[in-house]
Amino acid sequence: MDIEATSLEGVKLLTPQRRVDTRGWFSESWNVNTLSRAGIECAFVQDNHSRSEASCTLRGLHYQHPPHAQDKLVSCVRGAILDVVVDVRLGSPDYTRWLAVKLTEEKGNQLFIPKGFLHGFVTLVDDTEVQYKCSDFYAPEHDGAVRWDSLDIDWGLSTAPILSPKDAHAPTFDEWTSPFNYVSQA
């Protein structure tokens, strides 16, 4: 597995190796020992799977606040997405900086997102499926969202996105107070 640091501390791009033969391919998509050697120390307790029928479906920017904050390992298992993370750890040198990474079925790449980041994605093609592992269980009373268009993120959109009511009515970043604090990983 290739594991690359990104421009945001703690966020990593993972690309599992694929073994290809006449039947197709095989890939090890997650291995606790491999991730531990790369400095990713978390236990995943829940897997989520979403399907979006239409391209330009935008989900986010979401978070789950402490004490049920979540690390996530996101992959696109069908289609393609632009996956976006925003550092919202108070005191972080990267505070409010964002990163967008294209995750595709063909490439099989994944994005590791530690606690303290907003997360969202927009589908780039119809019939897209996303799977992600979480380090804590879903806790509705700790669930939250920040409006997708309130941080000057380049989503690469040419038309208005398809949004859920939750995302359409989320508070803007300026109306929101981050519940996350920065702890240096150095």
Side-chain angles (χ1 to χ4, degrees), residues 1-64 69-87 94 97-138 148 153-159 161-164 167 185:
M1 182 177 298
D2 295 325
I3 302 176
E4 303 171 43
T6 68
S7 60
L8 297 178
E9 182 184 340
V11 178
K12 299 185 190 243
L13 182 63
L14 292 72
T15 306
Q17 305 277 322
R18 287 189 173 173
R19 291 169 182 75
V20 180
D21 64 24
T22 56
R23 300 167 296 168
W25 56 264
F26 171 85
S27 180
E28 183 178 90
S29 60
W30 175 75
N31 179 306
V32 68
N33 293 328
T34 302
L35 271 61
S36 180
R37 284 191 298 272
I40 299 172
E41 298 283 346
C42 67
F44 295 115
V45 298
Q46 178 176 317
D47 281 3
N48 296 332
H49 189 148
S50 72
R51 178 176 180 272
S52 299
E53 292 185 15
S55 66
C56 213
T57 298
L58 195 148
R59 297 175 185 257
L61 295 163
H62 299 154
Y63 67 96
Q64 193 162 285
Q70 298 173 320
D71 299 303
K72 295 178 182 177
L73 182 62
V74 181
S75 59
C76 182
V77 296
R78 183 178 199 170
I81 63 171
L82 185 67
D83 205 37
V84 173
V85 296
V86 181
D87 187 340
D94 294 326
R97 285 191 48 224
W98 57 271
L99 172 74
V101 176
K102 186 176 179 181
L103 302 180
T104 68
E105 169 186 8
E106 290 80 20
K107 198 166 189 183
N109 52 350
Q110 305 170 321
L111 195 63
F112 175 76
I113 307 161
K115 297 171 184 79
F117 287 78
L118 299 176
H119 174 248
F121 63 86
V122 63
T123 58
L124 303 176
V125 297
D126 292 346
D127 198 20
T128 293
E129 294 184 35
V130 174
Q131 288 185 321
Y132 56 98
K133 296 183 169 304
C134 299
S135 65
D136 202 337
F137 297 103
Y138 174 65
W148 66 277
I153 294 168
D154 182 1
W155 292 91
L157 298 169
S158 57
T159 63
I162 300 166
L163 300 169
S164 70
D167 293 340
Q185 297 178 11

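In what follows, residues are counted from 1 in the order of the sequence shown.
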Between the main-chain N or O of Ala80 and the side-chain N or O of Glu106, is there a donor-acceptor pair closer than 3.5 Å? no
The side chain to side chain contact (heavy atoms under 4.5 Å, CB included) partners of Ser29 (sequence neighbours excluded) come to Gln110
Considering only heavy atoms from C-beta outward, does the side chain of Glu28 approach that of Thr34 to under 4.5 Å? yes
* To do: Say whether Glu41 and Ser36, considering side chains only, have a donor N or O and an acceptor N or O under 3.5 Å apart.
  => yes
How about Trp148 and Leu157: do any of their side-chain heavy atoms sit closer than 4.5 Å?
-> yes
So CG of Leu118 and CD1 of Ile153: to nearest 0.5 Å the spacing works out to 7.5 Å
Tightest non-hydrogen contact, residues Tyr138 and Gln46, listed as N-OE1, 3.0 Å
Sorted by chain and residue number, the side chain to side chain contact (heavy atoms under 4.5 Å, CB included) partners of Ser7 (sequence neighbours excluded) come out as Arg97, Leu99
Does any non-hydrogen side-chain atom of Leu58 lie less than 4.5 Å from one of Trp155? yes
dist Thr6:OG1 -> Ile113:CD1 (nearest 0.5 Å) comes out at 10.0 Å
The reported gap from OG in Ser135 to CZ in Phe112 (rounded to nearest 0.5 angstrom) is 7.5 Å
**Request:** Taking the side chain as every heavy atom from C-beta outward, state whether Cys42 and Ile40 have any atom pair closer than 4.5 Å.
**Result:** yes
message = Between Asp94 and Leu8 (side chain of the first, backbone of the second, donor and acceptor by atom type, cut-off under 3.5 Å), is there such a pair?
response = no
Checklist line | Non-hydrogen side-chain atoms of Ile81 and Thr57 separated by less than 4.5 Å | finding: no
query = Given side chains that start at C-beta, do those of Leu14 and Asp2 come closer than 4.5 Å, heavy atoms only?
reply = no
Heavy-atom nearest pair, Asn48 first then Cys134, reads ND2-SG, 3.5 Å
- [ ] Assess whether side-chain hydrogen bond (donor to acceptor under 3.5 Å, both in side chains) is satisfied between Ser52 and Arg59, documenting all intermediate values.
- [x] CA-CA 9 Å; Ser52 299; Arg59 297 175 185 257; 3.1 Å; yes
Please report the C-alpha distance between Phe121 and Val130 in whole Å, then the side-chain angles of each, then the deciding distance to 0.1 Å, and finally whether the side-chain contact (heavy atoms from CB on, under 4.5 Å) criterion is met. CA-CA 9 Å; Phe121 63 86; Val130 174; 3.7 Å; yes
Considering only heavy atoms from C-beta outward, does the side chain of Arg37 approach that of Leu35 to under 4.5 Å?
no
Practice problem: Using atom types as modelled and distance alone, determine if a side-chain donor or acceptor of Gln64 lies under 3.5 Å from a backbone N or O of Gln70. | Solution: no
For Val84 and Ala100, the nearest pair of non-hydrogen atoms, with its separation, is CG2-CB, 4.0 Å
Distance col, row Gln131:CD vs Lys72:NZ, nearest 0.5 angstrom, shows 14.5 Å
message: Is it true that, when you exclude Glu53 itself, more than 12 heavy atoms of the residues, nucleotides or ligands shown sit nearer than 6.0 Å to its CD?
response: no
### Query
Has the side chain of Asp167 got a donor or acceptor atom that lies under 3.5 Å from a matching backbone atom of Gly60?
yes
Check whether any side-chain heavy atom of Trp25 sits under 4.5 Å from a side-chain heavy atom of Arg19, and report yes or no.
no
request  = Verify the distance criterion only: is there a donor paired with an acceptor across the side chains of Arg51 and Thr128 at less than 3.5 Å?
outcome  = no
Any chance you could lay out the side-chain contact (heavy atoms from CB on, under 4.5 Å) test for Phe44 and Leu73, step after step, and finish with the verdict?
CA-CA 9 Å; Phe44 295 115; Leu73 182 62; 3.8 Å; yes
Smallest heavy-atom separation, Lys107 atom then Arg18 atom, equals C-NH2, 4.0 Å
Heavy-atom nearest pair, Cys76 first then Leu103, reads CB-O, 3.6 Å
CG of Asn109 to CE of Met1, rounded to nearest 0.5 Å, is 11.0 Å
Interatomic distance, NZ@Lys133 vs CH2@Trp30, rounded to 0.5 Å, equals 6.0 Å
### Polar side-chain atom of Thr123 near backbone of Ala54 as donor-acceptor pair, under 3.5 Å
yes
Quiz item: Passes side-chain contact (heavy atoms from CB on, under 4.5 Å), Val11 versus Phe117? Steps please.
Solution: CA-CA 9 Å; Val11 178; Phe117 287 78; 3.6 Å; yes
Nearest heavy-atom approach of Cys56 to Thr159 is SG-OG1, 3.5 Å
| query | Would Arg78 and Asp127 satisfy side-chain contact (heavy atoms from CB on, under 4.5 Å), going step by step from the backbone distance to the final call? | reply | CA-CA 7 Å; Arg78 183 178 199 170; Asp127 198 20; 3.0 Å; yes
